[in-house]
Amino acid sequence: MVLETVELLNFRLHRNTKIKFSEKLNYIIGGNGQGKTTILEAIYYLCTSKSLNGSADSEAVNFSEDIFNISGVFRDVVKNEVRVFFSNDTARKEIYVDDKQIYRASALIGKFPFVKLTQSDSSITYGSPSERRRFVDSVISQSNFTYLGFLLEYNKILKQRSALLQRLLEERSSSLYRELDAWTENLVLAGTEIIKHRISFFKEFISYFTPAYGRIIENSELPSIRYDFLGETDPDKIFERFTSAIKESRTDELRRAANLVGPHRDDAVFFINDRDLRKFGSQGQHKSFQIALRFAEFFYLKDKIGKSPVFLMDDIFGDLDAYRAQRISGFMQEIGQGFITLTDFPNFSHLVHNHADLIINVDNGSVNYAA
Amino acid sequence: MELLEPLQKAIEEISKLPSIGKKTAQRLAIFILKSEPEQVENLLSALKDLKTKVKFCEVCFNLSVENKCTICRSQKRDITKICVVEEPSDIFALERTNEYNGLYHVLGGVLSPLSGRGAESLRIRELTERISMGDVKEIILAMNPTTEGEATILYLAKYLRSSNIKISRIARGLPVGGNIEFADQATIGRALLGRSELE
C-alpha cells in the first residue's frame with residue numbers, strides 16, 4: 001500500500017499544505033516546531049482517525065481557525081480517498097472513506113495498516129508491563145479483528161467485575177458471591193482467548209524479530225522474547241491455569257476489591273543473550289531492540305494483512321551513531337514507502353539513499369521539495 | 001421567534017421518546033396539529049389503553065391484557081420447556097419463527113454491576129418457583145450476545161444446575177442465509193471458535 005498524496009487544511013501549523021509523496025522514502029526535514037511531525041500525525045489520523053500522542057482533536061485545529069481537514073489517497077489494488085474532518089463548533093469528528101462516512105473508528109483498524117517508530121517507543125523496553133501489552137495489543141489488533149473483539153469484551157468484563165467486587169466490600173450475600181462466580185467465569189473465558197492469541201503471536205513474531213535485530217546491529221547478540229501466563233505456555237492448559245489462579249487469589253481480590261489475575265496483568269520479557277534487557281541492557285541495546293520491534297511489526301503485518309503498511313519514523317536518527325543510522329536507513333530501503341522526520345541535515349549524509357527518495361523541507365507550516 | 005407554549009410542550013414531550021430527536025419531534029407535533037380531531041382522539045386513547053390495559057403476565061412476565069398471557073394460557077404449548085429472555089420484545093422475535101412451542105420467562109434485564117443491576121433485580125426467584133412446580137424439563141437461555149448477556153447465562157447455568165433439568169443456550173454465529181464474505185470479522189471469528197463437530 002502506498003500513500004500517494006496528503007492534503008492538510010488548518011491542521012496545526014499547516015494552513016494549506018499539499019504533498020505528493022514518493023513511493024520510496026520521504027525525508028521530512030526542518031527545525032524544531034516547524035511542523036514536521038504534524039505531517040506524520042496527519043498520516044496517522046488517516047490510518048486511525050486519532051492523534052499521535054493522544055491529544056484532543058480540538059488542539060490540532062490551527063489557532064485562528066475552527067475546523068481542520070485532512071485528506072489523503074492510498075493506493076493498493078484500488079485507490080481509496082480517506083478524509084478526516086473536525087469542527088470546533090460541533091466538537092465532532094467525521095471520517096470518510098471514498099466519500100462514505102465511517103461511524104466507528106474501529107472500522108478503520110487494519111484497513112490502512114501503519115507502523116510507527118517514535119521517541120516514545122523507549123517506554124516499550126524501559127517502561128511498565130502495560131506499555132508492552134499496549135504494543136502487543138496494537139500489533140495483533142491490526143491483523144486480527146477477532147482479537148480486538150475479545151479485547152474490548154475483556155475490558156468490559158473487567159469493569160463490571162470490579163464494580164461487583166466494590167459492592168462486595170460493602171455487602172456480602174450468597175447471591176452476590178454467585179454473581180461473582182459468573183463474572184469470574186466470563187473473565188476467564190474471554191481472558192483465555194486473549195492469552196492464547198498472545199502465545200501464538202509471540203511464537204510467530206520472534207521469527208520476524210530475530211532477523212530484524214540482526215539487520216540493525218551486526219554482532220553475535222541473540223535477542224529473545226519470553227511470554228507466558230503465570231508460567232504456562234501451552235495453549236491447551238491456559239484455561240485450567242487461569243481458573244486455578246483466580247481461585248487462589250479470591251480472598252485477595254475480595255479484600256482489595258480489584259481484578260488481580262488475568263491477561264491485563266501480563267508481561268513480555270525481553271532478553272539479549274539470555275540476560276533481561278530491562279535490567280542489564282545498555283542504552284544502545286534498548287534502542288536497537290525498540291527499532292527491531294517496529295521492523296518486525298512491519299514485516300509481520302505485511303504478511304498477515306497482505307498489504308504493505310506505511311512506516312512512520314519520527315526523529316529517530318537524532319541520537320543514533322553514524323554506523324547504526326546507516327544500517328537502519330539501509331534497512332528502510334527494503335520496506336517500500338516510509339516517512340522519516342529529521343531535525344538536522346548534517347545527519348542526512350550518513351543515510352543510505354535511493355534516487356526515488358523524496359526530500360521535503362518544512363518551514364513554519366509550509367513545504368517545499370529539495371532537488 | 002418563540003414557539004407557542006402548547007406546541008413547545010408537545011415537542012418537548014415527544015422528543016423524550018427513544019430515537020426521536022428535536023427535529024423529528026417538531027415534525028410529529030406539527031403533523032398532529034394538522035390532523036383531524038378524531039385522529040388525535042384515537043391516538044390518545046390508544047396510548048391510554050396501552051398504559052392502562054397492558055400489564056405483565058403473572059407467570060412469565062410477558063406483556064398481557066389478562067392476568068396470564070396468551071402463551072401461558074394456551075393448551076397447545078409444551079410446558080416442559082421454558083425459554084428465558086431479557087425483555088418481552090425478545091418473545092415477539094422468537095414467536096415469529098414458529099420454531100418454538102414452549103413457554104417463556106422474561107428476566108427483565110441482565111446482570112450489570114456497573115449500572116447497579118444484580119441478580120436480585122432480575123426475576124430469577126420467580127423462575128425457580130416455576131421450575132419447582134415439576135413440569136419443566138429444559139431451560140433454554142436466550143440472552144443477547146453481549147458481555148452482560150454472557151455473564152447472565154453463566155450465572156443462570158450455575159444457579160439452575162442443581163435443579164436436575166437440561167440447561168441449554170441458543171447458538172452464536174453466522175446469520176442463516178447470509179454470506180460468510182459479508183459477515184463482520186468478529187462474528188466469523190467467533191463462529192469459527194464455536195464450531196461444532198458433525199455427527
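Just so it is clear: chains get the letters A, B, ... in the order the sequence lines come, proteins before strands, and each one is counted from 1.
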Fill in the blank from the handout: Cut-off 4.5 Å, heavy atoms of chain B, and the answer for A:Q166 is neither
Exercise for the section: Starting at NZ of A:K156, measure out to OG1 of B:T146 and round the result to the nearest 0.5 Å. Expected result: 7.0 Å
Exercise for the section: Using the test side-chain contact (heavy atoms from CB on, under 4.5 Å), find all partners of A:D89 that sit at least two apart in sequence or belong to another chain. Expected result: A:S87
Fill in the blank from the handout: Output for pair (A:L164 CG, B:L111 CG), nearest 0.5 Å, gives 8.5 Å
Exercise for the section: Measure A:L152 against the heavy atoms of chain B and call it side chain, backbone, both or neither at under 4.5 Å. Expected result: neither
Practice task
Give, for atom OG of B:S115 and atom CD of A:Q160, the distance between the pair rounded to the nearest 0.5 Å.
Solution key: 6.0 Å
Completion exercise
Between B:E148 and A:W183, the two heavy atoms sitting closest are CA-CH2, 4.0 Å
Completion exercise
The reported gap from CD1 in B:I124 to CZ in A:R178 (rounded to nearest 0.5 angstrom) is 8.0 Å
Problem - Side chain B:E150, main chain A:N186, donor-acceptor under 3.5 Å - result: no
Practice task
Considering only heavy atoms and a distance below 4.5 Å, find which of A:E153, A:E179, A:E185 pairs most often with chain B.
Solution key: A:E179
Return all side-chain donor-acceptor pairs below 3.5 angstrom for residues 52-62 of chain B, not counting sequence neighbours, or 'none' if the list is empty.
residue: B:T52; atom: OG1; partner: B:K48; partner atom: O; Å: 2.9
residue: B:K55; atom: NZ; partner: B:N67; partner atom: OD1; Å: 3.3

Fill in the blank from the handout: Rounded to the nearest 0.5 angstrom, the OG-OH distance for A:S175 and B:Y159 is 7.5 Å
